[in-house]
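We're numbering straight along the sequence, starting at 1.
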Amino acid sequence: DSIKFNSNNTGVYYYNGIQNNTTWNFAGGDKTKITLVINLTPSPITVNLEYVIVTTTTFSYTQQFTGTLSYLASVKRIPN
């Protein structure tokens, strides 16, 4: 999977060849938390990203989701 963040608080979540539109916003003044809404059909899901660190080569964070499946993950992404 991969995520594209646009500067206008929109983006795209790519998974198994499918593109889903997203919206995102910083949650908190220090910009270390992001609320990401992935517009899945039939209903969107909200994923909370915390401890966000962005460098020129990586995007790392912890990810928490609570729904039909609940999980907590530590993620480090690199550009595609």
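- Without hydrogens or angle criteria, W24 side chain to N6 main chain gives a donor-acceptor distance under 3.5 Å.
- Side-chain contact between T10 and T22 is absent, with no heavy atoms from C-beta onward closer than 4.5 Å.
- Rounding to the nearest 0.5 angstrom, the gap separating the NZ atom in K4 from the CG atom in N21 is 10.5 Å.
- For the pair F59/L49, a side-chain contact is recorded, criterion being any heavy-atom separation below 4.5 Å from C-beta on.
- Counting heavy atoms from C-beta on, the side chains of T62 and V75 never come closer than 4.5 Å.
- L40 and F5 fall within the same hydrophobic cluster, defined by Ile, Leu, Val, Met, Phe, Trp and Tyr side-chain heavy atoms under 4.5 Å apart, directly or through other members.
- With hydrophobic clusters built from ILVMFWY side chains whose heavy atoms lie under 4.5 angstrom apart, Y51 does not share a cluster with L36.
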Practice problem: Kindly determine whether T23 and N9 satisfy side-chain contact (heavy atoms from CB on, under 4.5 Å), including the steps that lead there. | Solution: CA-CA 6 Å; T23 57; N9 297 88; 5.9 Å; no

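- A pairwise comparison of heavy atoms in S2 and R77 identifies CA-NH1, 3.6 Å as the closest pair.
- Residues V47 and Q63 come closest through the heavy atom pair CG1-CG, 3.4 Å.
- Linking Ile, Leu, Val, Met, Phe, Trp and Tyr residues whenever their side-chain heavy atoms come within less than 4.5 Å places I38 and I34 in a single cluster.
- V37 and Y14 fall into different hydrophobic clusters, where Ile, Leu, Val, Met, Phe, Trp and Tyr side chains are chained together by heavy-atom contacts under 4.5 Å.
- Ring geometry for Y71 versus F65: interplanar angle of 30 to 60°, hence tilted.
- Minimum heavy-atom separation, Q64 to L72: CB-CD1, 4.2 Å.
- Linking ILVMFWY residues whenever their side-chain heavy atoms come closer than 4.5 Å, directly or via other members, places V54 and I3 in the same cluster.
- Put simply, the side chain of T58 never gets that close to the backbone of S60: no donor and acceptor are under 3.5 Å apart.
- A donor and an acceptor atom, one from each side chain of D1 and Y13, are located under 3.5 Å apart.
- Contact record, N20 with N39: OD1-O, 3.7 Å, taken as the closest heavy-atom pair.
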